[in-house]
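The next block holds one structure in the form of structure tokens; read it before the comments.
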Amino acid sequence: MAGTTAIKNGYIFDPLNEINGEIMDIFIRDGKIARELSAVELKNAKVIDASGMTVMPGGVDSHSHVAGAKVNAGRSMRPEDHYKANLQKTSLTHSGSGYTVPSVYKQGYDYSAMGYTTVFEAAVPPLEARHTHEEMRATPLLDMGGYLVLGNNFFLMRYFRDGDMEKAAAYVAWMMKTHKTYGIKCVNPAGVENWGWGKNITSLDEANIHFEITPREVIKGLAEINERLGMPMPIHLHANNLGHPGCYAITKDSLKIPDGVKTRQNMDVQWAETRMDPSRDCSVYLTHLMFNSFAGTTWGDCESGVKDITDYINNKDHVVIDSGCTPFGEATVMTGDGPAIHDLYTLTGNKWSNTDVEMECGSGILPFTYLKSNPVHSLQWAMGLECLLLINDPWKTIMTTDSPNGGPFTKYPEVMTWIMSEAFRKQTFSECHKWANDRSTLGGVNRELSLYDLAILTRANPAKTIGMAHRKGSLGVGADGDVTVYNINPQQLDANNYEALLRAFRKAEYTVKDGEIVAVKGEIVSLPEKRTYYSEVHVQDEREKEMLADVKEWFRYYTLGFANYPTPEKYLANPTPIQVNSER
Ligand SMILES: [Zn+2]
């Protein structure tokens, strides 16, 4: 990362610094954005001529499934996914294979080729944290971190039942340190526990088996603990009843629970210079809104319920969502929501995998193909784009496919182009089932997002929402030297020429990571070091001691010894803890 880099004469799109297409030079020294370079430094700098091109901060994916036991199970149960897509080794890079669930090397190269430099794994089961870190460590070129799955954890459900929020907070803090994870993930709160008994939960006030805890109590409890601890990101919620007709109602009601929970982000970090306040202001980050937005009562009468939820979000300031778009084609659905995947299995009869992670969580996996000829799949395509286009303020939205659930991340260029080009949407409407138009509002939407909006949805806002804007998603002085150059001339941008946009987004002209040029026109040209972020949360020693006595007592029910539970730092690539001080 040593040395200097200059990216000259590009059109800069840097929303955290309110720079909208100005022609500027970007300088990087020792891996960080610098105000200027000396004459000598400039003389020795690597220079990129970005004249006539679009320059943005490196892409940030705040929700993707890229590492761990579940992802790897997806790889092993799908040989057909691997012989269809493979990559030859070069003198620099490894070989790789896999389309929807690529091998770790291939996924690092593929993200980098598109201009992404930072990716967060959306679901780390505590017991599988070591495996998750091993795969993140082996994934080249990406700075990474993972969210710990806590919505059905035995310890937390017991503490919530007993009203012991002090110990619950101490437990979450200890779990983050122990497993080197970054934020709180909450999947089908209280419902996955019922799945252990072949059941699910369908309303927010239904108590689960044995623990007698409701989804409302879990969401409220985790949201309060999150802010009490001062976590970098809000709770990351995968709402109940996912993927069922009518589920939009419980999704909207779930979003109301953390309304009024006061946000408190309390991290000891060096903040890059930004013109906007880069700290987070939301108390809930809802994931894959599309999958949680079906209206209707059956698959026969289902329709989009997205507008009802986006109307709510447009009037509130405590919610950020990612979309979970479904860009047609092959996917592998994989989630900690076991019952949701079982229901898909009964619909499709595809091969299916299910896991119960002892006292912590569960998961399910199933291959899936989204077809343009299928009415529901076509509707889902439209709903995913509604999630991004019906929310007025782009700072409340993040673009994802919940990779590989809605489709692999390599389909991001399609999604980016659909939200920027009404002509491309019309083209797809003409090819897919009429439910896409008849049962959603998308056909009446003529909004086309700008390059500035796109930079918010794919860089600035994912970074801000998860508390990484102190160094990611920005080109301010002191930010990481992560930059994407797209071969798009904003002066000649024509949204009707969507083929040109697709081409430009598929292969970034340059991807720069920590000041190093890592990819040129999709070709990997260097492999600098990467890092793993996690939250080192500090609570009073006394609290931790009391809580640990409970944990050790219950460890006799675990299949491994207490001493083997933690993930040591050696499992991480360049471990980069973020100090979180709950007591201050
Ligand atoms: Zn997900």
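When a ligand or atom number is given, it counts from 1 through the structure's own listing order. Keep in mind that what you see is a predicted model, and the values were worked out from it rather than measured. The first residue of the sequence shown is numbered 1, and numbering continues consecutively from there.
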Exercise. Assess the side chains of H433 and H377: does a donor N or O sit below 3.5 Å from an acceptor N or O?
Key: no

Practice problem: Sorted by first residue and then second, give each salt bridge (Lys or Arg N to Asp or Glu O under 4.0 Å) pair with at least one member in residues 303-313; sequence neighbours left out. | Solution: K252-D308, K307-D311

Practice problem: Could you grab the protein N, O or S atoms closer than 2.8 Å to the Zn ion (ligand 1) for me? | Solution: H63 NE2, H65 NE2, D402 OD1

Quiz item: What pairs meet the salt bridge (Lys or Arg N to Asp or Glu O under 4.0 Å) rule with one or both residues in residues 367-392, with sequence neighbours excluded?
Solution: K372-E431

Exercise. Apply salt bridge (charged side-chain N to carboxylate O under 4.0 Å, His left out) to D482 and list each qualifying residue two or more places apart in sequence or on a separate chain.
Key: K472

Quiz prompt | Side-chain ion pair, K220 and E224, N-O less than 4.0 Å | solution = yes

Exercise. Provide the closest heavy-atom pair for P245 versus T298 in the form atom of the first, atom of the second, distance.
Key: CG-C, 3.5 Å

